[in-house]
Amino acid sequence: MSECTHDCSSCSSNCSQRSRESFLAALNPQSSVKKVYAVMSGKGGVGKSLVTSILAVLAQRSGKHAAILDADITGPSIPKAFNIHERAVSTDEGLIPATSKSGIDVMSLNLLLENETDPVIWRGPVIAGAVKQFWTDVIWKDVDYMFVDMPPGTGDVPLTVFQSLPVDGIIIVTSPQELVSMIVEKAVHMADMMNIPVVGIVENMSYFECPDCGKKHSIFGESHIDELAAKFKIPSVSKIPIDSSLAQKVDAGQIELFDGGWLDSLSSTL
Ligand code: ADP
């Protein structure tokens with residue numbers, strides 16, 4: 001078999017690339033999205049939305065146009081971090097995403113709810129359908145980098161995202177308290193099955209840096225993330241400390257003002 005050129009139209013081979021392409025959902029005709037990265041975690045509360053937000057802010061700061069597709073339907077925290085409270089506008093052409101202060105486009109189910117505190121009591125396939133519609137029905141204008149904030153775990157919605165969206169890479173977020181090795185292994189296997197590379201792993205709440213002496217304390221024990229990354233050949237490892245100012249910025253809807261270079265190296269590889 002000749003080497004893959006990633007152009008299925010001129011090749012008859014039935015490889016995994018082709019089977020993935022046959023599931024891909026079409027974008028709205030007015031949309032253009034150059035790169036798509038999915039941000040995953042094993043469970044909720046580890047900082048997946050924070051990492052998604054920081055990566056979008058870094059891309060936007062570098063002069064690119066960033067967007068966030070909030071696929072964490074039942075726990076959407078992206079609009080709050082960017083202080084977005086208005087409802088999305090629907091037109092004949094499609095749904096218009098909300099735009100953050102610095103120009104990041106955001107679509108989240110919270111922007112479609114009558115009341116943003118309403119709970120979403122939907123079954124998996126309905127949620128997966130809504131996420132797919134965020135890709136097909138929203139007008140994503142001239143987006144260079146889209147970051148998808150995935151729901152925790154490896155269930156229905158991640159599967160739909162990986163099948164329907166042309167995801168270029170996966171970023172795994174963990175925290176030191178978790179059964180990290182099992183979570184990473186599951187995510188890596190899912191990525192392998194979908195033929196999508198894991199481009200980075202982020203250990204959030206990795207350590208606490210003493211504001212007086214600068215010493216780093218591993219509050220939750222020593223990190224094993226570097227060994228895991230080496231084992232699974234994940235090219236980029238990042239660590240974010242426990243930082244109360246980060247939590248305050250998220251709470252105040254000011255994540256665009258965050259200060260810290262923890263994800264600079266990962267961001268520069270995307
Ligand atoms: P997930 O998306 O994984 O559910 P979030 O990103 O919403 O998690 O983070 C959960 C909570 O923890 C949020 O209130 C967030 O502000 C806080 N948080 C996340 N990472 C940090 C950190 N490194 N330092 C301090 N607070 C953090």
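Predicted model only: the values in this text are computed from it and were never measured. Just so you know, ligand 1 is whichever comes first in the structure, and atom 1 is the first atom listed for that ligand.
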In chain order, what residues pass the side chain to side chain contact (heavy atoms under 4.5 Å, CB included) check against L257, with sequence neighbours excluded? K249, Q254
Any pair with a residue in residues 53-67 that passes side chain to side chain donor-acceptor pair (under 3.5 Å), sequence neighbours left out, goes on the list, sorted by first then second residue, please. H65-D105
What residue among S175, S238, S223 forms side-chain hydrogen bond (donor to acceptor under 3.5 Å, both in side chains) with E203? S223
Give every pair formed by an N or O atom of ligand 1 and a protein N or O atom closer than 3.5 Å, one pair per line with both atom names and the distance to 0.1 Å, or write none.
| residue | atom | partner | partner atom | Å |
| --- | --- | --- | --- | --- |
| ligand 1 | 2 (O) | K48 | N | 3.4 |
| ligand 1 | 2 (O) | S49 | N | 2.8 |
| ligand 1 | 2 (O) | S49 | OG | 2.7 |
| ligand 1 | 3 (O) | G45 | N | 3.3 |
| ligand 1 | 3 (O) | V46 | N | 3.1 |
| ligand 1 | 3 (O) | G47 | N | 2.9 |
| ligand 1 | 3 (O) | K48 | N | 2.9 |
| ligand 1 | 4 (O) | G45 | N | 2.7 |
| ligand 1 | 6 (O) | S49 | N | 3.3 |
| ligand 1 | 6 (O) | L50 | N | 2.9 |
| ligand 1 | 8 (O) | G47 | N | 3.0 |
| ligand 1 | 20 (N) | N204 | ND2 | 2.8 |
| ligand 1 | 23 (N) | N204 | OD1 | 2.9 |
| ligand 1 | 23 (N) | P241 | O | 2.8 |
| ligand 1 | 24 (N) | D243 | N | 2.9 |
| ligand 1 | 24 (N) | D243 | O | 3.4 |

By salt bridge (charged side-chain N to carboxylate O under 4.0 Å, His left out) - contacts of K34 (at least two apart): D144
Side-chain donor/acceptor of E256 to backbone N/O of S102, under 3.5 Å: yes
Have N110 and S108 got a donor and an acceptor in their side chains that come within less than 3.5 Å?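 Result is no, nothing qualifies.
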